[in-house]
Number of protein chains: 2
Amino acid sequence: MAGIPNAGSAPTLEMVAARAGVSRATVSRVVNGSPKVSPDVVAVVQEAIAALNYVPNRAARSLASRRTQAIALVVPESTAKVFNDPFFATLVQGIGLALADTEYTLSMLIESEAAFDKTRRYLLGGNVDGALVASHHTGDHSYAHVSRSLPVVFGGRPLDPGEQVNHTVDVDNAHGAELAGDHLVERGRRRIAAIAGPQDMPPGVDRLRGWQRSLERAGLAIDLVGYGDFSPASGAEAMRRLLEREPSIDGVFAANDQMAIGAYTAILETGRSIPGDVAVVGFDDDQYAAMAVPPLTTVHQPSLEMGEVMARTLVRLIDGEDVPATTLLPTRLVVRQSS
Amino acid sequence: MAGIPNAGSAPTLEMVAARAGVSRATVSRVVNGSPKVSPDVVAVVQEAIAALNYVPNRAARSLASRRTQAIALVVPESTAKVFNDPFFATLVQGIGLALADTEYTLSMLIESEAAFDKTRRYLLGGNVDGALVASHHTGDHSYAHVSRSLPVVFGGRPLDPGEQVNHTVDVDNAHGAELAGDHLVERGRRRIAAIAGPQDMPPGVDRLRGWQRSLERAGLAIDLVGYGDFSPASGAEAMRRLLEREPSIDGVFAANDQMAIGAYTAILETGRSIPGDVAVVGFDDDQYAAMAVPPLTTVHQPSLEMGEVMARTLVRLIDGEDVPATTLLPTRLVVRQSS
DNA sequence: TTGTATGCGTTATCAA
DNA sequence: TTGATAACGCATACAA
């Protein structure tokens, strides 16, 4: 079976073994850091490895060991918005950070409409030991299905609270929005509007609900609600309509910073000042919030930490540890000059 | 060797073969769309595949066929800046778009300082059929080395023009900056400053050079140069220093939009108006450029197209086709209200 | 502590 | 057109 070592292509375990004068098994043990190999043999083998510039073949290793040392990050949303969202960028960063401590590598699956089956096949084809699903919204019950045969951690809760998805990591959206509402109330604002996100996305729903709770507690009306899709342009448009409908608006909570920046445009267009005439509070604390003119008061979302927690949770899941089904990360208000 | 089909875990070729009453070889042919299989056999096999919900194991397939159907995207920069850069986000989008038409999947390697060897091992360990290296700057001669044993396409030229890297796709940075300079000159500006990017990054160098060429051609001084790191904060800081040094500045070219937005802050702080007192031109045409107040005149960089071209180039390279060593993508000026 | 032998799930090379 | 059977490169139970 052994045959002649293939001299042409990439070095194999076999070639290292031949050069070191030991068996393939021993080389394998050294490569995998087995404790039961005598020091001198380890030295000889490592020298051979270095000399040949040997790198283990992952496919072979994965086939034999039944693990891949890779995890997938699935982004089931139409790419454009997702990638232009600083939140997502930071999330990926956190994931990368957490994974840097491990031997896992990240495989990114960009989910376009047509490629759903491609992704599913990839996940089920033994390419990864587990998957991270970011931005979990309406359509993807399909991935809940995948989670039955593969460890999966979802970022964000499922849209339907009744739907028990095994493992999720989420940010406390509702509470953050309440903080925003409370802050505007404390600042003496009375006609407080909201620019909500899509109501088919959990953060869209939760942030609107938090705002409502806060205003109701203060005895204020919750009739001033506009909707956007989390983009700056949609925020501007929603704000324009709100101001037309109710010129006396003196405060507004936008469900994310990008829409808040859009609202800035609409408010300034009408000659109103920020925060003099209208106080603005956003959500996310993305990098543009602090740079806006005036700097935006917003709810800080721990997106970096969320990425880290998601990755660590998945790794523990893969290792067979017991992890909580749901992790909720705290949010906090960052007061700047727009309120 | 055959043994009893493993009923517990994922379905294998073997199990499909048993159910369809054919050999493994035939099932393999059907899965791979071989033309030399009789239609009725194809039908039976496909039914068995569907019934068992069979998905080929990628590791085994890769081991046997010596290809992985995966390509890596290497991001060799400290993650924070890269991920907050809209340019990068769009680049990834373009790559995803181009790959959606193919059977390739994307593996993302986030390069932290310490993990360099991990990345190298991954690339050389037979995990991918080729690699895309984004944001190619100083340190990574290492990847030029990798490109000798694996098809690699670099985004952006190497820092040292003399260093012949096999395949690169780049944007015409110098020409874009010239367009920006020419535009400011045409608008009658005479004291035109530049906020340059890091001079250890090719775009930083090329964009500054383009601005210089334009001003020299117009007979203007090129003494007003500040430097930033492509972040909004650094743009603001550079602008503050420039205005202190030379209060008569009436135009500024920033090497990217984020620094231009930072410059807005610094300019407005001093009570100056845009473009009345100071005209501003950026570079990139990212999504915030159009939303800025006033909307930012900028040089459009085809980042989406760049991603697509990089991906397509790599695929062709993997297929053994002949592709040009360098592809240069055109830039164009987008005039808005800041100039 | 080390080596032998077998299997991981496919593809590919032969024959039939 | 189909079927045996040998790789593919490594891990691991079992023997020594």
Side-chain angles (χ1 to χ4, degrees), chain A residues 1-45 49 52 54-69 103 121 124-127 129, chain B residues 1-45 49 52 54-69 103 121 124-127 129:
Chain A
M1 170 184 261
I4 301 146
N6 178 349
S9 65
T12 67
L13 235 190
E14 171 101 38
M15 293 164 65
V16 175
R19 189 180 220 276
V22 299
S23 73
R24 292 181 304 172
T26 298
V27 177
S28 177
R29 291 188 187 102
V30 172
V31 168
N32 293 296
S34 163
K36 25 184 63 181
V37 183
S38 70
D40 37 337
V41 173
V42 171
V44 176
V45 171
I49 287 176
L52 294 172
Y54 166 74
V55 177
N57 178 301
R58 190 76 76 105
R61 179 179 260 186
S62 149
L63 191 58
S65 68
R66 321 306 260 69
R67 20 180 20 207
T68 64
Q69 295 292 70
E103 268 306 303
R121 295 171 73 83
L124 267 26
N127 290 296
D129 294 335
Chain B
M1 169 185 261
I4 301 145
N6 178 348
S9 65
T12 67
L13 235 190
E14 172 101 37
M15 293 164 65
V16 175
R19 189 179 219 275
V22 298
S23 72
R24 292 180 303 173
T26 298
V27 176
S28 177
R29 289 187 188 103
V30 172
V31 168
N32 293 295
S34 163
K36 27 184 60 181
V37 183
S38 68
D40 36 339
V41 172
V42 171
V44 176
V45 171
I49 288 176
L52 294 172
Y54 166 76
V55 177
N57 178 302
R58 190 76 75 107
R61 175 179 264 186
S62 152
L63 189 59
S65 68
R66 297 163 131 318
R67 16 181 20 204
T68 65
Q69 295 291 68
E103 268 305 304
R121 295 172 73 82
L124 266 27
N127 290 296
D129 294 334

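Note that the structure is predicted; figures quoted are calculated from it, not measured. Convention: sequence-line order gives letters A, B, ...; per-chain numbering from 1.
The CZ-P distance, from R29(A) to dA13(D), rounds to 10 Å in whole Å. If you measure from atom CZ of R24(B) to atom C1' of dT2(D), you get 14 Å, rounded to the nearest angstrom. Taking atom CD of residue E14(A) and atom C1' of nucleotide dG3(C), one finds them 13 Å apart after rounding to whole Å. Between the CE atom of M15(A) and the C1' atom of dC10(D) there is a distance of 15 Å, given to the nearest Å. Straight-line distance from the CG atom of N127(A) to the C1' atom of dT10(C): 13 Å, rounded to whole Å.
Distances shown here put a side-chain N or O of R61(B) below 4.0 Å from the OP1 or OP2 atom of dT11(C). Remark: N32(B) is in phosphate contact with dT11(C), judged by side-chain N or O atoms under 4.0 Å from OP1 or OP2. Put simply, S65(B) has no side-chain N or O that comes within less than 4.0 Å of OP1 or OP2 on dT11(C). Applying the 4.0 Å criterion to OP1 and OP2 of dG9(C), one finds that T12(B) has every side-chain N and O outside that range. Listed pair S38(A) / dT2(C) meets the phosphate criterion, a side-chain N or O lying under 4.0 Å from OP1 or OP2.
V27(A) comes within 4.0 angstrom of no nucleic acid atom, judged by non-hydrogen atoms across all strands. Using a 4.0 Å heavy-atom distance criterion, S28(A) is classed as a base contact. Across all strands shown, V31(A) has no heavy atoms under 4.0 Å from either base or sugar-phosphate atoms.
Here the nucleotide nearest the side chain of L13(A), chosen from dT10(C), dC10(D), dT11(C), is dC10(D). Among dA4(D), dG3(C), dG9(C), the nucleotide with an atom closest to any side-chain atom of L63(B) is dG9(C). Which of dG3(C), dA4(D), dT2(D) sits closest to the side chain of T26(A) comes down to dG3(C).
Of all non-hydrogen atoms in I49(B) and V31(B), the two that sit nearest each other are CD1-CG2, 3.9 Å. In plain terms, the two heavy atoms of Y54(A) and L13(A) that are nearest each other are CE1-N, 3.5 Å.
Residue R58(B) places no side-chain atom within donor-acceptor reach of the base of dG9(C), judged by atom type and a 3.5 Å distance cut-off alone. A donor-acceptor contact under 3.5 Å is not formed by the side chain of R66(B) with the base of dG9(D).
There is a side-chain donor-acceptor pair under 3.5 Å between S38(A) and D40(A).
Using a distance-only test at 3.5 Å, with no hydrogens or angles considered, no donor-acceptor pair links the side chain of S28(A) to the main chain of R24(A).
Along DNA chain C, the nucleotide nearest D40(A) and the nucleotide nearest V55(B) are compared for position; the residue whose nucleotide lies closer to the 5' end is D40(A).
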